Amino acid sequence: MSNLPQRFYQREVTLVARDLLGMQLVRQVGDQRVSGIIVETEAYRGEEDLACHARHGKTRRTEVMYGEAGRAYIYFTYGMHWLLNVVTGEVGFPAAVLLRAIIPLQGTEIISANRTGRPEKEWCNGPAKICQALQISGAMNGIDLTTNSAGLWIEEAPPVPDSRVVTGTRIGIGTVPEPWKSIPWRFNAILKESE
DNA sequence: CGCCCGATGTGCT
DNA sequence: GCACATCGGGCGT
């Protein structure tokens, strides 16, 4: 399958978040493919969105979000977790999609080893779990996801029909004021009986 | 299964 | 100082 082109990411962040469902996140570990199907995303949109890290303007931490669409915005939080986002839209406008969950597809032995002792359902059902399972950290912040050169990219795969997409409010933003707290910018693909 | 809470470091009010 | 786009252990139901 071919990589999603930059054009895919150069759109409104909510559209990109919706359309990333079903696509395949691929990490190259040595010569092994470690991958999964994206099933949950969230959109973070501009300085006015008070849940978005760019709410305080451009800083060293958030500058990747202001750059080229299709780059990885990876940040550290809660003292121990890395989270992976995809930059979208026009250069100069900060917006990104948080990848919250994938269904493991390839390299599951590596994923299992990275998620020691945990049941398969808990391998990649959270944004920090994805990074742990696929060995993604801040060293990859800013890399280009439209090429394979940095060992992390997203490939085109069968899209998820509207009938199997559910939206909801974004997770973990409890102290953010309205309307941002309740805006339905979380996208969830309902596949099989899992999440 | 759900709720509660501690871990742990960085960025910014 | 404090809030944080989280996770997992512990314990009650």
Side-chain angles (χ1 to χ4, degrees), chain A residues 9 12-21 23 25 36 38-67 69-89 93-104 111-143 145 152 154 166-189 193-195:
Chain A
Y9 301 105
E12 170 65 28
V13 63
T14 52
L15 297 177
V16 178
R18 158 66 181 86
D19 292 345
L20 277 172
L21 298 177
M23 303 299 114
L25 178 66
I38 297 169
V39 293
E40 188 176 4
T41 62
E42 283 176 359
Y44 289 86
R45 189 189 186 282
E47 296 177 351
E48 62 180 23
D49 174 5
L50 296 181
C52 182
H53 285 170
R55 64 188 175 279
H56 297 136
K58 188 174 180 178
T59 66
R60 176 177 270 101
R61 184 198 202 191
T62 61
E63 63 184 355
V64 172
M65 256 203 287
Y66 288 77
R71 303 293 180 92
Y73 167 47
I74 301 169
Y75 70 91
F76 188 68
T77 193
Y78 290 106
M80 58 183 86
H81 298 304
W82 294 103
L83 274 65
L84 170 64
N85 302 251
V86 184
V87 176
T88 72
F93 185 84
V97 176
L98 171 67
L99 301 188
R100 286 198 64 88
I102 66 174
I103 294 178
I111 291 176
S112 175
N114 290 335
R115 303 278 305 137
T116 49
R118 314 213 164 271
E120 186 168 348
K121 289 196 70 167
E122 294 176 15
W123 281 352
C124 297
N125 63 338
K129 297 176 186 178
I130 293 174
C131 290
Q132 193 180 351
L134 302 197
Q135 301 173 208
I136 296 164
S137 78
M140 304 182 88
N141 188 35
I143 65 151
L145 295 167
L152 182 66
I154 303 177
V166 174
T167 62
T169 59
R170 295 173 291 181
I171 306 286
I173 57 166
T175 64
V176 171
E178 300 290 359
W180 310 110
K181 183 176 178 177
S182 298
I183 199 163
W185 282 354
R186 181 165 53 88
F187 300 87
N188 199 345
E193 50 198 83
S194 58
E195 201 177 348

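Quick note on labels: first sequence line is chain A, next is B, and so on, each numbered from 1. Remember, predicted model here, so these are calculated numbers, not experimental data.
- Summarising the geometry, the separation between CG on A:L84 and C1' on C:dC7 is reported as 17 Å, rounded to the nearest angstrom.
- Between A:Y75 and A:Q132, the residue anchored nearer the 5' end of DNA chain C, judged by the nucleotide with its closest heavy atom, is A:Y75.
- Minimum atom distance to the side chain of A:R115 is reached by C:dG8, of the listed C:dC7, B:dG9, C:dG8.
- For A:W82 against A:C131, the heavy-atom pair with the smallest separation is O-SG, 3.3 Å.
- Per the geometry, CH2 belonging to A:W82 stands 16 Å off C1' belonging to C:dC7, to the nearest Å.
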Side chain to side chain contact (heavy atoms under 4.5 Å, CB included) between A:N114 and A:I111: does it pass, once the steps are laid out?
CA-CA 5 Å; A:N114 290 335; A:I111 291 176; 5.7 Å; no

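- Between the NE2 atom of A:H56 and the C1' atom of C:dC4 there is a distance of 12 Å, rounded to whole Å.
- Residue A:R61 places no side-chain N or O under 4.0 Å from the OP1 or OP2 atom of B:dG9.
- Following rounding to the nearest Å, A:R100 (CZ) and C:dC7 (C1') show an atom-to-atom distance of 11 Å.
- Here A:L25 contributes atom CG and A:I136 contributes atom CD1; the two are 5.5 Å apart, rounded to the nearest 0.5 Å.
- Backbone-only contact: A:I173 has heavy atoms under 4.0 Å from sugar-phosphate atoms and none from a base.
- Between A:L83 atom CG and B:dT10 atom P there is a gap of 16 Å when expressed in whole angstrom units.
- Atom NE2 in A:H81 sits about 14 Å away from atom C1' in B:dT10, given to the nearest Å.
- Shown here for A:W123 and A:A133, the closest heavy-atom pair between the two residues is O-CB, 4.0 Å.
- Between the side chains of A:N125 and A:K129, at least one donor N or O lies within less than 3.5 Å of an accepting N or O.
- Dashed line: the shortest gap from a side-chain N or O of A:T59 to OP1 or OP2 of B:dC12 is under 4.0 Å.
- For the pair A:E63 CD and B:dT10 P, the computed distance is 17 Å after rounding to whole Å.
- Side-chain nitrogen and oxygen atoms of A:T175 include none within less than 4.0 Å of the OP1 or OP2 phosphate oxygen of C:dA3.
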In dot-bracket form, how is DNA chain C paired, counting a Watson-Crick or G-U wobble pair only if both its distances are under 3.5 Å and using | for bases paired to another strand?
||||.|||||||.

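- An OP1 or OP2 oxygen of C:dG9 is reached within less than 4.0 angstrom by a side-chain nitrogen or oxygen of A:R118.
- Under 4.0 Å is where a charged nitrogen must lie from a carboxylate oxygen, and between A:R100 and A:E42 at least one such pair does.
- Across all their heavy atoms, A:P184 and A:T167 have their closest contact at O-CB, 4.0 Å.
- A salt bridge links A:E12 to A:R45: at least one charged side-chain nitrogen sits closer than 4.0 Å to a carboxylate oxygen.
- C:dG9 atom C1' lies 13 Å from atom NZ of A:K129, rounded to whole Å.
- When the side-chain nitrogen and oxygen atoms of A:H53 are compared with OP1 and OP2 of C:dA5, one or more of them lie within a distance under 4.0 Å.
- When heavy atoms are screened at a 4.0 angstrom cut-off, A:A51 is found touching base atoms of the nucleic acid.
- Aromatic stacking of A:Y78 on B:dG9: not satisfied for centres closer than 5.5 Å together with planes under 30 degrees.
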